[in-house]
Amino acid sequence: MTQSVSDIEALGILVPMILSTKRLDGDAVVGKLGEAIRGLARVATGCLSAMICLPLLLFGLFFGHWNAIGLAILLINGTIGLTCAVIEYRYRRQYRREVGPELLAPSPGEATAGPLNP
């Protein structure tokens, strides 16, 4: 069960973001969205792995074939992890190809308010 955030905690999160002189660009937004999706995918992968391996653990508990069960769990988790890594790699490669190098390249310095550094 999640707890609601108090007003002071919410302001403590928002005020530094509002007062920041850092520009909000599309790369930062997409990066944060990607991190959130990656975290959700890791949780879903863990649930998938647990749902597949739990019956195997119960089978090993009742019948005592721990070597075979351990190897099966290792292979299943390795396959799931490798599949997730390949999917993430392909997604990143496709994103970079569609966005293009002009958006991924750092933008030249633009005039901003504040003191000039030599």
Side chains of W66 and L57: closer than 4.5 Å at any heavy-atom pair? yes
Do T45 and T83 have side chains that approach each other closer than 4.5 Å (heavy atoms only, starting at C-beta)? no
When rounded to the nearest 0.5 angstrom, what distance separates CD1 in I37 from CG in L40? 8.0 Å
Roughly how far, to the nearest 0.5 Å, is the CG atom of L54 from the OG atom of S49? 10.5 Å
C53 and I73: which non-hydrogen atoms are nearest, and at how many Å? SG-CG2, 3.8 Å
I'd like to check the side chain to side chain contact (heavy atoms under 4.5 Å, CB included) partners of F59; sequence neighbours left out, ordered by chain and number. F63, H65, I69
Would you say [Y] ends up clustered with [X] if hydrophobic residues are merged whenever their side chains have heavy atoms under 4.5 Å apart, either directly or through other cluster members?
X	Y	result
I52	F62	yes
L56	L61	yes
I76	L48	yes

More than 12 foreign heavy atoms under 6.0 Å from CZ of R93: is that the case here? yes
Tell me, which pairs form a salt bridge (charged side-chain N to carboxylate O under 4.0 Å, His left out) where one or both residues lie in residues 80-89, sequence neighbours left out? R38-E88, E88-R92
